[in-house]
Amino acid sequence: MLTRVAEGVLVHESMFVQSNAVVVRGPDGVLLVDPGVTGAELGCLVDDLAELGQTVVAGFSTHPHWDHVLWDARFGDVPRYGTARCAAAIREELSDAGAKDRIADHLLETEIAGQVPLDLLGLVAGLPAGATVIPWDGPRVRIIEHQAHAPGHAALLIEDRGVLIAGDMVSDVLIPMFEFDEAADPIGDYLTALTLLEDVADDAHVVIPGHGSVGGPGQARARIDRDRAYVLALRDGRVPDDPRIGPAAKPGWEWVGDVHEGQFRRFAR
Ligand SMILES: [Zn+2]
């Protein structure tokens, strides 16, 4: 089901970790950001777009994690963009013949084992390094690239709609999750990224996280502040006072506390 969150901007929320696929309408078709997760959900999105009489003219992946680089052939053979670093990261991962098997194995631990189509995973074309907008004929979409959470991670600001598509940050259910493998300074990368998002927070009347609830006016800044408080607590070895972990966590999201414990121990070392 597609839900309108701003003029010409619709969201499809997955059953899996509240993943958000975003549809942006242009004059000749839609831009599809992080299309979704299970085959059934991708099929639902195909049907919803057909019902609206819309075709997909381009895709965009906010970052190179498996749940953000999926695709369904029925969306069409159109350009699927990401930042240059995002595309390079997924290309490198897929250059290992066992990569998709490893993702499938990881999915065995989830409730969507065997339900995710991996055939077209990761076929992302990198935009030129430093690209600041998505090349398409719809509303201007600014790319805000940073290295928090994943290499070549991009938030998108749909400027004249006041919509911030945040990728895997500023979630109301997930804490900041750090990139440990590639980053020399995961905390510093995260704080830098939050500053970049803060620069556009006043323009973002709607914020769409990669996972979690869509936020309205004021939420972009509030969520940036909450993420920053979490990151600073970990940096300083303090236990964060954060509603996303501990007894206040939403039912079904207790595992986020386990992620936190792992990160806390890692930084404490
Ligand atoms: Zn991610």
Side-chain angles (χ1 to χ4, degrees), residues 11-22 32-38 41-42 59-71 80-94 99-100 102-107 109-112 116 118 121-124 126 143-156 164-183 186-187 189-194 196-197 207-215 223-224 226-227 230-231 234 244-245 253 255-260 262-263 266:
V11 170
H12 184 280
E13 187 187 289
S14 169
M15 295 292 288
F16 179 73
V17 204
Q18 262 186 276
S19 308
N20 291 312
V22 186
L32 195 49
V33 181
D34 294 354
V37 187
T38 69
E41 288 166 350
L42 291 167
F60 188 88
S61 287
T62 57
H63 64 288
H65 289 162
W66 67 268
D67 48 334
H68 298 262
V69 290
L70 298 165
W71 197 255
R80 294 167 55 189
Y81 299 118
T83 66
R85 270 186 92 162
C86 168
I90 192 75
R91 199 162 48 238
E92 190 191 327
E93 184 180 346
L94 293 175
K100 285 186 185 178
R102 267 198 301 282
I103 294 169
D105 285 349
H106 160 72
L107 286 168
E109 299 159 22
T110 71
E111 71 274 21
I112 55 167
V116 179
L118 301 178
L121 174 136
L123 305 178
V124 173
I143 298 169
I144 302 161
E145 181 177 352
H146 57 80
Q147 309 305 328
H149 178 71
H153 198 172
L156 302 175
L164 178 64
I165 303 172
D168 279 4
M169 296 178 69
V170 298
S171 169
D172 60 328
V173 285
L174 298 184
I175 52 174
M177 293 184 189
F178 300 96
E179 164 62 54
F180 287 111
D181 297 337
E182 305 269 331
I187 294 253
D189 287 344
Y190 221 102
L191 293 172
T192 300
L194 289 170
L196 292 173
L197 296 188
V207 56
I208 308 170
H211 307 276
S213 311
V214 176
R223 292 183 184 195
I224 290 165
R226 190 162 58 191
D227 273 6
Y230 177 86
V231 174
L234 255 63
R244 296 168 292 189
I245 52 179
W253 293 83
W255 58 272
V256 178
D258 299 337
V259 173
H260 160 67
Q263 295 191 139
R266 191 156 177 159

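Note that ligands are numbered from 1 as they come in the structure, with each ligand's atoms numbered from 1 the same way.
A side-chain contact (heavy atoms from CB on, under 4.5 Å) with His63 is found for exactly one of Glu179, Arg85, Gln147, His149, namely His149.
Contact annotation: His153 places no N, O or S atom under 2.8 Å from the Zn ion (ligand 1). When distances to the Zn ion (ligand 1) are checked against a cut-off of 2.8 Å, Asp168 contributes an N, O or S atom below that limit. For the Zn ion (ligand 1), the set of nearby N, O or S atoms under 2.8 Å includes one belonging to His149.
Formation of a donor-acceptor pair under 3.5 Å by the Asn20 side chain with backbone atoms of Val11 is not found in this model. The backbone N or O of Pro176 lies less than 3.5 Å from a partner atom in the side chain of Gln263, making a donor-acceptor pair.
The aromatic ring centroids of His211 and His68 lie less than 6.0 Å from each other.
Among heteroatoms of the N, O or S kind in His65, ND1 lies nearest the Zn ion (ligand 1).
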